[in-house]
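Below: the structure, in structure tokens.
Just so you know, ligand 1 is whichever comes first in the structure, and atom 1 is the first atom listed for that ligand. Bear in mind the structure is a predicted one, so any value in this text is a computation, not a measurement. Index from 1, following the sequence.
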Amino acid sequence: MPDRSSDREQWGSRVGFILATVGSAVGLGNVWRFPTIVARSGGGAFLLLYMGIVLLIGIPLMMAELAMGRRSGRGVVGAFRSLQPGRGWWLGGIVAAAAVFFILSYYSVIAGWTLVYTSFGAAGDLQGLDVEGLEQLFAQVTGGTLLPVAGQILFIVLSSGVVYFGVTDGIERWGKILIPSIVILLLLLLGRVLFLPGAIDGVMWFLRPDFGRLSLGVALEAMGQVFFSFSLGMGAVLTYGSYLSRDDDISRNSFVITLADVAIAVLAGLVVISALHAFDIDPEVGFGLVFVALPAVFNTLAFSPFWNAVFFVSLAFAAMTSLISFLEVLNAIFMEEFGWSRRRVVPMVGTAIILVGLPSALAQGALAQVILFDRDIMDAVDALTSSVILPLSGLITVLYVGWVWGAGAAAREIAGDRVDSPFIHVWIFIVRYVAPAALVYIFLAGIAT
Ligand code: PHE
């Protein structure tokens, strides 16, 4: 039995833990990726499918990671090693850490863009630009050197500044501030956007199911999105779980966190889709969606600098709370494995991320000629991590919980003496059979494309 060290940091309150973990979950994935996927995969029908996958795989896996974290009281490498010592399973932690490293490298670049655009928005620099002008600006910003690199460095310095202060004074405190702010800002935007002529049609479209567009590929995409959006398979939820106290209820918290994440994704989806519907813009435009199409919509409103700034600030906040959780996965590993202090680890990890992020930051500028697997560096790293490394690391985690550490032991950590409830039996079945099968499938499909 691993001994949970008594001097480990702990969350100050249940609400603090929930908001911090919701912060990890709510990110670029909610505001940019989710609306894009919903738009091209059948509106309401996709939503139903997505909810099904959330219940069937998302929530059970979140419970599994929280249980691993709390039981071991360690970061992702230490958790794999200590729950079932003596075998090579700690390598599972290394795969998760590698996923974090890679994802951080480009996530921080996009996060940097949100800072650049927040300042553009507030300064009124976006005002008066039409879609073409905005496209040019976007190409200029992302293809430049100074702005993407400066944005990325600033973003990492700010996020490192938060984690530097530790679990309660840093991560928890900022989660409590940033998550409610995101919700308020998005509600404000929704309130404005809904008054645009045609916006309600967008809402109806968003909610009305079009079952004809569902396919296996769409289901696959939905699973990938659940994984990405819930921050699963990277040790982020596990690490946050390691700061949980014994009396917190893992299953109840998992439901609250995942539902909050879905709710915020739907809220962002409503803002984005109804705004685009009002202006007849095709939502399938990827990053251009948030950096080009939406500013174009906001530019038609009175006080457009205000609306642009509100939108990009909420995007920056969302990216920041996620980035904080990425950083903490790595910090926890270095602090435990080498016994280093947080003060020493935070600047080190931050610097390392800036260095690995530089190629992504320059992917559309100075390094645009470098093509890997038919993609620029940033897209290649994104594809490699989200369709190969992440499902692999998720698969290792469920196999470990279901079969190595053991679903029974995990269930006891989750439910205490209520392990005989039907809910826990279903959970065990999912973790041992359903989730591994789904992940093998996602992984193979990821390699094949
Ligand atoms: N969940 C975050 C998002 O939706 C991304 C993320 C993944 C954050 C994994 C932490 C760990 O953008």
Side-chain angles (χ1 to χ4, degrees), residues 19-38 50 54 58-59 61-62 65-66 69 75-76 93 95-114 155-156 159 162-163 171 174-175 178-179 182 186 221-242 254 257-269 272 286-287 289-290 314-333 349 353 381-382 384-387 389-394 397:
L19 288 177
T21 315
V22 170
S24 170
V26 171
L28 298 170
N30 299 58
V31 186
W32 149 69
R33 216 161 176 252
F34 182 78
T36 314
I37 298 181
V38 179
Y50 186 77
V54 163
I59 295 177
L61 287 190
M62 175 148 301
E65 279 204 29
L66 287 177
V76 64
V95 175
V100 169
F101 228 97
F102 281 119
I103 293 193
L104 250 177
S105 72
Y106 72 86
Y107 203 91
S108 61
V109 176
I110 304 167
W113 298 347
T114 68
F155 210 96
I156 292 177
S159 315
V162 171
V163 289
I171 303 173
W174 283 94
L178 297 179
I179 291 300
I182 295 169
L186 287 176
E221 190 152 46
M223 277 194 261
Q225 173 65 11
V226 167
F227 240 74
F228 188 83
S229 192
F230 287 6
S231 306
L232 295 171
M234 266 172 280
V237 172
L238 185 154
T239 305
Y240 279 11
S242 74
S254 300
I257 292 163
T258 47
L259 291 184
D261 183 63
V262 172
I264 294 180
V266 170
L267 178 59
V272 172
F287 278 121
L289 178 77
V290 285
S314 57
L315 197 57
F317 283 180
M320 180 159 297
T321 50
S322 296
L323 208 108
I324 287 171
S325 73
F326 284 125
L327 292 175
E328 186 61 12
V329 171
L330 299 177
N331 293 337
I333 294 174
V349 167
I353 299 302
V381 176
D382 179 22
L384 178 72
T385 43
S386 58
S387 31
I389 303 185
L390 220 52
L392 178 65
S393 141
T397 310

- [ ] Could you walk me through whether Y50 and F34 pass the ring-ring contact (aromatic ring centres under 6.0 Å, His included) test, one step at a time?
- [x] CA-CA 10 Å; Y50 186 77; F34 182 78; 5.2 Å; yes
Nitrogen or oxygen contacts under 3.5 Å, ligand 1 side and protein side:
from     : atom 1 : to   : atom 2 : distance (Å)
ligand 1 : 1 (N)  : S24  : O      : 3.2
ligand 1 : 1 (N)  : A25  : O      : 2.9
ligand 1 : 1 (N)  : F228 : O      : 2.8
ligand 1 : 1 (N)  : S229 : O      : 3.1
ligand 1 : 1 (N)  : S231 : OG     : 3.1
ligand 1 : 4 (O)  : A25  : O      : 3.0
ligand 1 : 4 (O)  : G29  : N      : 3.4
ligand 1 : 4 (O)  : N30  : OD1    : 3.4
ligand 1 : 12 (O) : L28  : N      : 3.1
ligand 1 : 12 (O) : G29  : N      : 2.8
ligand 1 : 12 (O) : Y107 : OH     : 2.6

Task: Nearest heavy atoms of L390 and A99, plus distance in Å - done: CD1-CB, 4.0 Å
Task: Exercise: identify the closest heavy-atom pair between T239 and E328 - done: CG2-O, 4.0 Å
Task: Distance-only side-chain donor-acceptor flag, S24 / S322, under 3.5 Å - done: no
Task: Heavy-atom neighbours of F102 CZ exceed 12 at 6.0 Å - done: no
Open item on the list: Does V26 form a side chain to side chain contact (heavy atoms under 4.5 Å, CB included) with F317? I'd like the steps, not just the answer.
Closed with: CA-CA 9 Å; V26 171; F317 283 180; over 6 Å; no
